[in-house]
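Written below as C-alpha cells is the structure these notes are about.
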Amino acid sequence: MEELASKYQFKDIEEKIYAFWEQQHLFSAQADENKKSFTIVIPPPNVTGILHMGHALNNTIQDILIRYKKMQGFNAVWMPGCDHAGIATQNVVERKIAAQGLKRQDLGREKFLEQVWDWKSSYGTTINQQLRRLGCACDWQRERFTMDTEYSNAVLEVFVHLYNKGLIYRGHYIINWCPRCQTALSDEEAPHKEVDGSLYFIKYPLKSSTKDYVVVATTRPETMLGDTAVAVNPKDERYSYLIGNFVTLPLMDREIKIVADDFVDMEFGTGAVKVTPAHDPNDYLIGKRHNLEFINILNPDGSLNKNAGAYAQMDRFKAREAVIDALRQKGLLLRVLQHKHAVGHCYRCGTMIEPYYSKQWFVKMRPLSEPAIKAVKDGEIKFYPKRWTKVYLNWMENIQDWCISRQIWWGHRLPVYYCRDCLKNLEDSNKAVIVSKTLPFKCPVCGSADIYQDNDVLDTWFSSWLWPFAVFGWPFNGDESAARIKQQDLKHFYPTSVLVTAQEIIFFWVARMVMAGFEFTKDIPFKDVYIHGTVRDDTGKKMSKSLGNSIDPLEVIADYGTDALRFSLISLTSMGQDVYLSKDKFEFGRNFANKIWNAARFLLMRLDESKDFSNAEEILKHKKLPLAEAWILSRFYSSLENIDKALSAYRFNEAANCLYEFFWHQFCDYYLELAKTHIHSEDIQFVLYFVLKNILLVLHPFIPFLTEQIWQKIAPNTGSIMLQKWPQVQAQAINRTLEANMGYVLEICTKVRNLRSESDIKPKQKIKVSIFVSNPYQSKLVKECTEYLKVLAKIEQLTLLNENAAPDQLCVSAAMPGTMLFMHVGDFDLKLEIKKNAEEIIKMNKYINRKSALLNNMQFVRNAPFEVVEKETQDCEKLKEKLNKLIQRQNELERAN
RNA sequence: GGGCGGUUAGCUCAGUUGGUUAGAGCGUUGCGUUGACAUCGCAAAGGUCGGAGGUUCGAGCCCUCUACCGCCUACCA
C-alpha cells in the first residue's frame, strides 16, 4: 500500500476535492416527482460580504443537513445566491469613488449604477468562492441574485399586487432618517442604542407675563427651533391654568400654544413637553391631534435648513451647542442633567438617526401578519429552539407598517410613475400616481405622455422576503417552456424544508418571508426555522469587523483545515446558544481530523489487499462474531441511532460529540487496540473495514473533505462518498447487555492500569490477575467477562488465573457489581495493597450508608416506582458483599504484614 | 419599563421527559513511545451544580424570590 503522511495534509487537497464534486455535478438536483425533496434556501449573503465566522457556522449547519439528507436519499437542493444589499453596497461604491474625489451626484444615476454593477461583477461574489472553500454543497447552477432580471420582475409584481390590493400606500410620516446615507430607514433598520446624553431644562417665557415661564426638558435642544407647541397633561394641576395660553419660543421669537395631551407623563422632567411635530414620533402624533404646524428644520444631510433662522447650514450637533450657548446667555437654560437614553442608529453606518417628517411609501402589515401568526401558532412552522416562537409572535402581533422607500440609487426602483400634467392640475397628488410594472405610454387619467418615474428604490428586504419562492422563478413570466420547468421546480422544492439563520434577522427577514409566502404562494415558505447562536469572541463580544475582534475563517481554514473549522464550530454550538470562540479552539477539530486520518492510515496498511471487502456487510450479518467484534458493531449502531436522533432534532453538537466519542474512544482507543492482537483474523478484517467504511459515511456531512479522500482509498471505483447511502440502523446488532458487560471489562482494565501506574509496574511487565466472584448468581456474567478479559489480557500483559484462586493476591474493586479482581501479590508492595484496600473500604462504606439510608426511608420505598426500589435494593446487596470481601481480605493482609 | 438567555471542575462548555458515585475538551500532575497517531497513549487530581426558600420519597434539572453577566425590545421628552 502507498505510504501516507503521519499528519493529515489538508492543504490543496480540499480545493481539489471541491472541484471534483463540482465537475461531477454532485450538488445539483432536478425536480423529480418520484423523490422526496429536501430544500434549503441560503440566507443570501450581501454581495459586499466576505465570509466571517457567523457565515461559517450558518453555512456549515446547512451543509451538514444537505449532505445528510442527500445521503438519506432525499432529492436535496441548496439554493445559493446573493442579496444586492442596497445601502451597504451603495456605500461601498461611494467610498470607492470618493477616493477619486467624486460623489455619486457627480456621476449621475446611470453612470453611478454602472459603477456598482462593475464592482459587483469583479468583487461582488467573493463570498461564493469562500463558501466553496467551506465545502458548501450549493447547487451553483441555480445561483440567484436579488437584482437579476427575473428576480426583479418578481419584486415589481409584488409591489403592483400589494398596491392594487390597497396594502401599499404613500404618505407623510415621521420616519427614521440617516443623515449620512441620506435615506429613510425602516424601524428595524434603526436599532436603539443607549447613549450618554444630557437632559436640558429650558425656560419658555409666557406670552402673557414678562416674568413667568414654563420649563420644558429635552435631550435634543436644537429641535426647539421647530417647536410649534408646548404640551402638558390635562390632569396636571400645576399647569391647568396655562392650557390655551401661549409661550414665546426663545431664539425664534415665535408664539406657540400650550396644549393638553394625555401622552405627557407628569412624572418625567417638568411635566411640560416641547412639541416638535416634524422631528419626533410622539410629537408628530400630538401635532396631528392638535392640528399643529409641522416645521421641518433639517436638511437631508443633518444640517439645519432655513427654517432654523440664524442656525441655518449649521450641523445638527454644532447647532445643539450653539442653541445651548444662546440660551445660557439669555438666562433661559435652567439646568442640565446627565441622562442615559436610547437613540436609533443606522444599522449600516452607525450614524445617529433623526426622526424626519417626509413623504414615503409604506406597506400595511396588519392584514399580512394574520396568516403568519396563525401558521406559527398552529405549529405549521416550528422554531428551534422553541423560545423564538414567542419573540416572533410578539413582534408580529404588534407589527407596524413598513417604510419601504429608500432615497438611494442601488436597488429596485419603485414601479411608480407620475403624470406631470395631473400633478399640476389635480389637487390630490396621489391621483397623479401610476403604478405599473412597465413605463406607461400615457396617463390613464388625462392621456398625457409627460410621465416620469419615482426616484426612490425599494428597501433591500422588500426583495429578500420573496427569496424562498422567487429563487424558483416565480411568477413565471416569459418563455413558456422555461416557465413550466420553473413551475415544476417550485412545486417539487417548495415549501422549503428548513431555514437556518441567526437571531438578528428574525424580524427583517424570517417574519416577512412567512407573510410573503402566504400572500403570494398561499403556503408556508419553510417548515422549520433553526436559529443558531451568535458568534462571539472569548470575552463575549459579538464578532464583527468593525470591532476588530473577528477571527477570519479563511485564516482558520489555512491553518487548521476546513474540516477542523467545521467540526470545531459544530461541537461548540449547542442548540441556539451563542458560540464563544478563540483561535485555539480549532485545535479540537484539527486533532480529530488527524485522528481519523491516522486510524484510516493504519487500517490501509493492515487490511489485506487480496480480500474483497465490497460485501463486508452481508458477510458479517450472517456470522456469529467474537465478543469484541459484536461489541464494536453494537456500539456503532447505537451511536448511529443517537446521531440520527440528534440530527433530526437539530442537535448538531450532540451528533458531533457522539461521532467523536465513538470514533476516538470506542473505535480507536479500545477496538483497534483489541483488534491488533488478532489483526489477521478474517472476522476482524471485515469488522475493521466495515466500521471504518460506515463511520466515514456518518462523518461525511461534518467532515466532508477528509472523508472523501479516505473514501477514495478504501472504496475506489464506487464514486464520490457523496453518492453513497447513509447507513441504516440494524436494531438486531444492538445488544445493550453486551455493551454493558464490555463496559465492566473496560473498567476493570482501567483498574489494572491504575494499579500499575501507582505501583510503578511497567506496561510490559506481566502480572497475574484473577476474577473472583462472591455471588453465585453472578458467575455466568463473570464467565462471560472472563472471555472479554482474555482479549484484554493480550494487550494489558495480564495472565488470567482461575476465578477462585484468590488468597494471597491483591484485590481491587471492579466496576461490575459483585465482582472482584485480584492481582498476584508478588507483583506488589504489601503496604500499598493495604492502603489501597483501606481506601476502597471507606468508599464502599460511604456508598452503602447512602443506599441504606435511602432504603430505610419508608417514604421512598412507598412512593418510588417499584423498579427503582428494586434496583436500589440489589445494588445495595452487591455493595455489601463486596465490602465483606474487602474486609476479609484486609484482615488477611494485616496478619501477613 | 417589558422580555429572553446565561451562571455546573483552573478555563471553555455538555447534561434529552427529576431517580440518587454530575460528564467532555483544554489546562494541570505523574507515567509512557523502534512504526496508525506527541495534532499520541495510560492514569490521576479537580465541581455538590450563583444565592435563598419551596414542591417531591428524591432536584443541576420543576416553582418562587434574589444577585451578577449578556442579549433583544420599548414613544418617557
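Letters A, B, ... are given to chains in the order of the sequence lines, protein chains preceding strands, and every chain is numbered from 1.
Here the nucleotide nearest the side chain of Asn282(A), chosen from C75(B), A43(B), C4(B), is C75(B). Considering only the side chain of Ala864(A), C57(B) comes nearest among C57(B), A77(B), A14(B). Among the nucleotides U39(B), G19(B), A77(B), the one closest to the side chain of Lys7(A) is U39(B). Set against C40(B), G3(B), A77(B), the side chain of Lys390(A) has G3(B) as its closest nucleotide. Of the candidates U12(B), A77(B), C57(B), the closest approach to any side-chain atom of Lys585(A) belongs to U12(B). Here C37(B) is the nucleotide among A77(B), C37(B), G41(B) with the atom lying nearest to any side-chain atom of Ser6(A). In this structure, of A14(B), G41(B), A43(B), it is A14(B) that holds the atom nearest to the side chain of Ser574(A). The side chain of His192(A) lies closest to A74(B) when the candidates are A74(B), A36(B), G41(B). If you check C40(B), A14(B), A77(B) against the side chain of Asn591(A), the one that comes closest is C40(B). Side-chain proximity of Ala342(A) to C4(B), A74(B), G25(B): nearest is A74(B).
Pro865(A) comes within contact range of at least one nucleobase, with a heavy-atom separation under 4.0 Å.
Put simply, CG on Leu647(A) is 15 Å from C1' on U16(B), counting in whole angstrom units. For the pair Asp265(A) CG and A74(B) C1', the computed distance is 14 Å after rounding to whole Å. Rounded to whole Å, atom P of U12(B) lies 15 Å from atom CD of Gln577(A). Rounded to whole Å, atom P of G5(B) lies 13 Å from atom CG of Asp578(A). Rounded to a whole Å, the CZ atom of Arg601(A) is 14 Å from the P atom of C40(B).
Nucleotides G46(B) and G53(B) are separated by 28 Å at their P atoms, to the nearest Å. Taking atom P in both G3(B) and A14(B), the straight-line distance is 25 Å, to the nearest Å.
The partner of U29(B) is A43(B), by the rule that a Watson-Crick or G-U pair needs both atom distances under 3.5 Å.
Taking 4.5 Å as the limit, some side-chain heavy atom of Ser571(A) sits within range of a side-chain heavy atom of Phe588(A).
Put simply, the side chain of Lys676(A) and the base of A36(B) share a donor and an acceptor less than 3.5 Å apart.
Proximity of the aromatic rings of Phe702(A) and Phe592(A) is defined here by a centroid distance below 6.0 angstrom, and this criterion is not met.
The structure places OH of Tyr392(A) at 10.0 Å from CD of Glu397(A), a figure rounded to the nearest 0.5 Å.
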